[in-house]
Trainee: 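Attaching a single structure in structure tokens format; questions to follow.
Each residue takes its place number in the sequence, starting with 1.
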Amino acid sequence: MDITIAILLVLVAAAIGYVIGNVLRKKLSDSLVTNAETLAAKMIEDAKRQAEVVAMEAAVQAKDVVYQAKEELERQFEQESREKRRDLQALEKRLQQKEENLDKKTNLFDQRDSDFLKREQALAVREQSLVNKEQGLAQKEEKLDALVGEQKAKLEQIAGMTAAEAKKYLMDSMEDEAKLDVAKLIKVMEEEARETADKKAKEILALAMQRYAGEYVAERSVSVVTLPSDEMKGRIIGREGRNIRALEAATGIDLIIDDTPEAVILSGFNPVRREVAKLSLQKLIADGRIHPGRIEEVVAKSQEEIEQAMKEAGEQAAFDLGVHGIHPEILKLIGRLKYRTSYSQNVYQHSLEVAFLCGIMAAELGINVKQAKRAGLLHDLGKAVDHEIEGSHAVIGADIAKKYGESPKIVHAIMAHHEDEKPATVLAVLVQAADALSGARPGARREMMETYVKRLDDLERIATSFDGVLTSFAIQAGREIRVMVSSEQVTDDRALVLAKDIAKKIETEMTYPGQIKVNVIRETRATEYAR
């Protein structure tokens with residue numbers, strides 16, 4: 001590139017000189033032209049020399065660049081060669097280590113093979129030794145059997161009786177001794193019974209009454225309002241649903257208007273509100289005027305009537321039972337039970353029946369009749385507000401009775417009628433017995449299907465949890481369970497014990513009315529085929 005520049009400079013200088021010469025020849029005189037030509041020639045000569053110098057410098061620089069490039073290439077090649085040598089050395093080292101590891105593993109495997117061979121030989125020797133010992137034991141067992149037979153014959157000869165006769169004699173003597181011990185125990189128990197006869201008799205009578213059962217038919221109230229026609233559904237709903245919204249807002253109860261012909265269903269957890277809604281809807285249907293203003297007026301009037309009816313029902317219950325001095329708020333809560341059901345049994349009627357039963361039993365037992373009736377009437381007091389207050393209805397009822405000045409015996413009887421507190425008085429046992437008598441009899445309550453099925457499943461689960469049980473069947477509506485056992489695993493004696501164990505586990509883990517009969521069935525079947 002430097003040579004090209006030099007050549008261009010020479011050409012430019014020549015061109016300049018030529019132009020200057022022409023110009024000077026035209027304008028100046030011949031002498032001036034000559035001087036100009038001389039000057040131009042000199043300039044051309046200087047340009048040539050300068051171009052040669054530049055060309056020489058360019059050649060020197062080109063050689064220098066080539067030399068530097070060659071050195072750079074040699075340096076890079078040498079560096080790459082060193083790196084490759086290092087990589088090869090590292091690879092060679094790794095391969096050498098792997099080879100050493102493989103040698104070690106091979107040696108280890110050889111050692112293990114040798115150990116396994118030794119163990120196998122030792123086991124073979126031990127097995128042969130065990131075989132020899134078994135043969136020796138069999139011979140010794142035969143000798144021992146022979147010796148036992150000889151000794152048995154000698155003992156029978158000395159005693160003058162056979163082994164069966166000796167066994168029978170021993171059992172007879174033990175039976176006589178056991179009878180004597182039982183007689184002594186019965187005598188002690190009779191003496192203790194005489195000492196506590198009065199108290200024991202009352203408790204036994206109360207417990208016996210708990211198992212009594214009689215026929216009973218309970219009334220069942222449903223929250224369904226009958227309509228004169230299906231056209232009334234549209235009037236109850238109102239334009240854009242304003243009537244049904246007003247009724248639900250005023251009563252706090254949901255109205256379900258579905259495909260059920262000529263009926264409206266009332267849904268709500270509060271039985272008093274549901275009764276208010278039912279009464280209000282019946283009045284509105286009978287009146288025929290159904291609009292938001294009229295709905296609020298009828299609901300307010302129905303609430304007053306229900307409050308008055310609850311008060312009168314509580315006072316009437318106290319009057320019928322001859323129980324006086326009950327706080328007005330408690331009487332109102334008793335009347336509130338008229339709209340409360342438990343397993344479809346009306347709690348108000350249930351409380352009255354429990355009170356009458358408590359009075360009858362108290363008279364038979366010779367204790368305070370009015371106090372017993374009072375405890376029976378108030379025992380389910382907590383159910384009037386158990387949908388508003390958390391906790392067991394027995395605890396809630398006891399707190400309310402205590403708040404309004406009932407005696408500690410009454411409070412304890414209310415608290416203990418569902419074992420929230422251990423019964424400590426005869427009055428508490430009486431209330432518990434009367435409550436069970438009123439609620440557990442056939443027809444008194446309607447058991448929920450889910451509870452019934454779960455009870456049967458629990459019965460079968462408990463029975464099959466014991467060893468030797470093949471299968472179990474709950475029958476007679478859960479009052480009996482039949483347990484089939486394996487004749488190889490369970491003997492006749494063991495079957496009796498198994499029945500008691502199953503019954504004990506059922507008593508511990510389940511809650512049920514009445515009693516459950518446990519039948520354990522063991523049978524041996526011999527099967528053969530005639531060919």
Trainee: Counting only heavy atoms not in Lys283 (residues, nucleotides, ligands), do more than 12 fall under 6.0 Å from its NZ?
Mentor: yes

Trainee: Any idea which heavy atoms bring Glu406 and Arg374 closest together, and the distance?
Mentor: OE1-NE, 2.7 Å

Trainee: Applying side-chain contact (heavy atoms from CB on, under 4.5 Å), run through Ile285 and Val225 and close with a yes or a no.
Mentor: CA-CA 10 Å; Ile285 292 171; Val225 178; 3.9 Å; yes

Trainee: For atom CG of Asp287, is the number of surrounding heavy atoms from other residues, nucleotides or ligands below 6.0 Å larger than 12?
Mentor: yes

Trainee: Scan side-chain atoms only and decide if Glu480 and Asn519 contain a donor-acceptor pair under the 3.5 Å cut-off.
Mentor: yes

Trainee: Of the non-hydrogen atoms in Val490 and Arg494, which two are nearest, and what is the gap between them?
Mentor: CG1-CG, 3.6 Å

Trainee: Can you see which heavy atom on Cys358 is nearest to which on Gly376, and at what distance?
Mentor: SG-CA, 4.1 Å

Trainee: Between Asp380 and His393, does the side-chain hydrogen bond (donor to acceptor under 3.5 Å, both in side chains) criterion hold? Intermediate values first, please.
Mentor: CA-CA 7 Å; Asp380 270 346; His393 73 273; 3.2 Å; yes

Trainee: Quick check: do Ile506 and Leu459 have side-chain heavy atoms less than 4.5 Å from each other?
Mentor: yes

Trainee: Determine whether Arg273 and Gln303 make a side-chain contact, defined as any pair of heavy atoms from C-beta on separated by less than 4.5 Å.
Mentor: no

Trainee: Rounded to the nearest 0.5 Å, what separation is found between the CD1 atom of Ile396 and the CE atom of Met415?
Mentor: 10.5 Å

Trainee: Minimum heavy-atom separation for Arg336 and Ala384, please, with both atom names.
Mentor: NE-O, 3.1 Å

Trainee: Go through the steps to decide whether His327 and Ile330 satisfy the test side-chain contact (heavy atoms from CB on, under 4.5 Å), and finish with yes or no.
Mentor: CA-CA 5 Å; His327 196 279; Ile330 294 181; 4.2 Å; yes

Trainee: As a quick check of understanding, evaluate side-chain contact (heavy atoms from CB on, under 4.5 Å) for Lys311 and Leu331, giving each step before the final call.
Mentor: CA-CA 6 Å; Lys311 182 180 178 182; Leu331 292 176; over 6 Å; no

Trainee: State, to 0.1 Å, how close Gly397 and Ile414 come at their nearest heavy-atom pair, and which atoms those are.
Mentor: C-CG2, 3.8 Å

Trainee: Kindly confirm or rule out a cation-pi arrangement of Lys505 over Phe466, judged by NZ or CZ under 6.0 Å from the six-membered ring centre and within 45° of its axis?
Mentor: yes

Trainee: What's the separation between atom CG in Asp254 and atom CD1 in Ile244, rounded to the nearest 0.5 Å?
Mentor: 9.0 Å

Trainee: Compare every heavy atom of Leu381 with every heavy atom of Ala401, then report the nearest pair and how far apart it is.
Mentor: N-CD2, 4.4 Å

Trainee: Could you check whether Glu297 pairs with Arg294 (Lys NZ or Arg NE/NH1/NH2 to Asp/Glu carboxylate O, under 4.0 Å)?
Mentor: yes

Trainee: Tell me, with the steps shown, if Lys338 and Glu275 meet salt bridge (charged side-chain N to carboxylate O under 4.0 Å, His left out).
Mentor: CA-CA 10 Å; Lys338 188 176 182 180; Glu275 188 66 21; over 6 Å; no

Trainee: Using side-chain heavy atoms (C-beta onward) and a distance below 4.5 Å, is Arg289 in contact with Leu284?
Mentor: no

Trainee: Is the count of non-hydrogen atoms from other residues, nucleotides or ligands lying under 6.0 Å from Glu509 atom CD greater than 12?
Mentor: yes

Trainee: Is there side-chain contact between Met361 and Ile367, with at least one heavy-atom pair below 4.5 Å?
Mentor: no

Trainee: Please report the interatomic distance CD(Glu329) to OH(Tyr404), rounded to the nearest 0.5 Å.
Mentor: 4.5 Å

Trainee: So does Gly314 get a backbone contact from the side chain of Tyr348, meaning a donor-acceptor N/O pair under 3.5 Å?
Mentor: no

Trainee: Out of curiosity, Lys370 NZ to Leu377 CG, how far, rounded to the nearest 0.5 Å?
Mentor: 14.0 Å

Trainee: State the OG-CG distance between Ser302 and Leu281, to the nearest 0.5 angstrom.
Mentor: 10.0 Å

Trainee: Does Arg522 reach the main-chain N or O of Ser487 with its side chain, forming a donor-acceptor pair under 3.5 Å?
Mentor: yes

Trainee: Got Leu266 and Ile256 here, is their nearest side-chain heavy-atom distance under 4.5 Å?
Mentor: no

Trainee: Verify, without hydrogens or angle tests, whether Arg274 (side chain) and Thr251 (backbone) share a donor-acceptor contact under 3.5 angstrom.
Mentor: no

Trainee: I'd like to know if the side chain of Ser472 reaches the main chain of Ala463, judged simply by a donor and an acceptor atom lying under 3.5 Å from each other, with no hydrogens or angles considered.
Mentor: no

Trainee: Using atom types as modelled and distance alone, determine if a side-chain donor or acceptor of Arg245 lies under 3.5 Å from a backbone N or O of Glu240.
Mentor: yes

Trainee: Is the shortest heavy-atom distance from the side chain of Leu137 to the side chain of Glu142 under 4.5 Å?
Mentor: no

Trainee: Can a donor-acceptor pair be found between the side chains of His379 and Asp435 at a distance below 3.5 Å?
Mentor: yes

Trainee: Compare all side-chain heavy atoms of Leu430 with those of Leu357 and state whether any distance is below 4.5 angstrom.
Mentor: no

Trainee: Does Glu248 reach the main-chain N or O of Leu255 with its side chain, forming a donor-acceptor pair under 3.5 Å?
Mentor: yes

Trainee: Roughly how far apart are Ile502 CD1 and Ile481 CD1, rounded to 0.5 Å?
Mentor: 7.0 Å

Trainee: What I want to check is whether the side chains of Glu312 and Gln308 have a donor and an acceptor closer together than 3.5 Å.
Mentor: yes

Trainee: Any side-chain heavy atom of Ile326 within less than 4.5 Å of one from Val323?
Mentor: yes

Trainee: Apply side-chain contact (heavy atoms from CB on, under 4.5 Å) to the pair Ser351 and Ile334, showing each step before the final yes or no.
Mentor: CA-CA 9 Å; Ser351 298; Ile334 293 173; 5.9 Å; no

Trainee: Say whether, by atom type as modelled, one donor and one acceptor occur between the side chain of His412 and the main chain of Ala424 under 3.5 angstrom.
Mentor: yes

